[in-house]
Amino acid sequence: MMGMPAMHYAPSKDATVPSIAGGALWADEINSRFYAFGGYHVTGDPPSFLTWSYDTSRDMWEKVTTTGDATTYVAHGMSAIAPDAGKAFYLGGYHDNTTNRGWTATRRYTPNLVEFDLVGRRYTNHSGPDSDGRGEGLMVFIPASNSGLLIYFGGVLQSQVDGKVAGVSATPRSFS
């Protein structure tokens with residue numbers, strides 16, 4: 001087709017790189033890397049949390065060392081990147097036996113926001129905008145004000161009181 005960008009395919013990964021779905025792939029354009037975050041494990045028990053990165057200049061996947069707050073796998077949350085700040089974000093998502101080894105409770109959505117410094121490779125966990133779990137919506141970063149805005153739309157909310165899951169109204173919420 002005329003005017004379409006060329007398609008590029010990443011090479012296959014070896015068996016040490018986990019097969020996950022429902023996570024995020026954060027692009028660090030400055031350093032020519034992608035970072036895989038979150039997701040549920042398609043086969044077998046989920047391993048302990050690791051951060052995997054695809055180095056486009058070396059054409060390979062590798063585990064990378066991170067600092068900061070401890071984090072775990074979480075699936076079907078909302079993701080956004082602030083490219084000029086070198087930060088990536090993941091809001092909400094769920095925990096269950098496909099995301100966390102040994103999980104025996106019912107699926108539980110989290111209200112928390114994970115921030116990842118793409119350059120310093122540092123995780124920071126923030127409490128959510130309220131105590132209700134959320135996921136499966138859309139989040140965007142808007143480069144407004146001094147630090148920018150994260151705005152999410154739609155998805156589901158899970159009550160911390162009774163565990164019921166319901167769709168979110170069309171009213172957008174934001175926090176900075």
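Remember, it's a predicted structure, so these values are computed and weren't measured experimentally.
- Salt bridge annotation for Glu62-Arg58: present, with a cationic side-chain nitrogen under 4.0 angstrom from a carboxylate oxygen.
- Close placement of the His76 and Tyr40 rings is indicated, their centers lying within 6.0 Å of each other.
- Connection of Tyr109 to Phe153 is not established within any shared hydrophobic cluster, with ILVMFWY side chains joined at heavy-atom distances below 4.5 Å, either directly or through further cluster members.
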| request: I would like to know whether Val114 and Phe37 meet side chain to side chain contact (heavy atoms under 4.5 Å, CB included); could you show each step before the answer? | output: CA-CA 10 Å; Val114 174; Phe37 178 81; 4.0 Å; yes

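- The cationic group of Arg107 lies under 6.0 Å from the six-membered ring centre of Tyr94 and within 45° of the ring axis, placing it in a cation-pi geometry.
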| said: As a quick check of understanding, evaluate side chain to side chain contact (heavy atoms under 4.5 Å, CB included) for Leu113 and Met139, giving each step before the final call. | reply: CA-CA 11 Å; Leu113 174 75; Met139 185 167 66; 4.3 Å; yes

| task | Please test Asp59 against Tyr54 for side-chain hydrogen bond (donor to acceptor under 3.5 Å, both in side chains), starting from the C-alpha separation and ending with a verdict. | result | CA-CA 7 Å; Asp59 199 24; Tyr54 179 72; 2.5 Å; yes

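- Atom CG of Asp45 has more than 12 heavy atoms from other residues, nucleotides or ligands within 6.0 Å.
- Leu138 places none of its side-chain heavy atoms less than 4.5 Å from the side chain of Tyr152.
- At least one donor-acceptor pair under 3.5 Å links the side chain of Asp162 to the backbone N or O of Lys164.
- Note that OG1 of Thr124 is 6.5 Å distant from NZ of Lys87, once rounded to the nearest 0.5 Å.
- Tyr90 and Val156 fall into different hydrophobic clusters, where Ile, Leu, Val, Met, Phe, Trp and Tyr are joined by side-chain heavy atoms under 4.5 Å apart, directly or via other members.
- Taking the six-membered ring for Trp, Phe89 and Phe116 have ring centres at least 6.0 Å apart.
- Proximity of a side-chain donor or acceptor of Arg134 to a complementary backbone N or O of Asp132 within less than 3.5 Å is detected.
- For Asp69 (side chain) and Asn125 (main-chain N/O), a donor-acceptor pair under 3.5 Å exists by modelled atom type.
- One N or O on the side chain of Asp117 and one on the backbone of Gly120 form a donor-acceptor pair closer than 3.5 Å.
- Here the CG atom belonging to Asp28 is positioned 5.0 Å from the CG atom belonging to Leu118, to the nearest 0.5 angstrom.
- Note that OG of Ser53 and CE of Met60 are 9.5 Å apart. Values are rounded to the nearest 0.5 Å.
- In this structure a side-chain-to-backbone donor-acceptor pair under 3.5 Å is missing from Thr66 to Arg121.
- In this structure the side chain of Phe34 reaches within 4.5 angstrom of the side chain of Thr56, judged on heavy atoms.
- One distance of note links CG of Asn97 with OG1 of Thr106; it measures 11.0 Å at 0.5 Å rounding.
- Note: the hydrophobic cluster containing Val119 does not contain Ile30 (ILVMFWY, side chain heavy atoms under 4.5 Å, direct or indirect links).
- Judged by distance alone, the side chain of His95 and the main-chain N or O of Tyr73 form a donor-acceptor pair under 3.5 Å.
- Side-chain N or O atoms of Thr99 include none that pairs as donor or acceptor with a backbone N or O of Val74 at under 3.5 Å.
- A centroid separation of less than 6.0 Å is found between the aromatic rings of Phe49 and Tyr123.
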Counting only pairs under 3.5 Å, give me each side-chain donor-acceptor contact of residues 19-26, with atom names and distances, residues two or more places apart or in other chains.
unit_1 : atom_1 : unit_2 : atom_2 : d
Ser19  : OG     : Lys13  : NZ     : 3.1
Trp26  : NE1    : Ser79  : OG     : 2.7

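- Residues Leu157 and Val165 do not share a hydrophobic cluster, defined by chaining ILVMFWY side chains whose heavy atoms lie under 4.5 Å apart.
- Interatomic distance, OG1 of Thr16 versus CG of Leu50, reported as 10.0 Å (0.5 Å rounding).
- The two residues Pro46 and His41 come nearest to each other via the heavy atoms CB-CD2, 3.3 Å.
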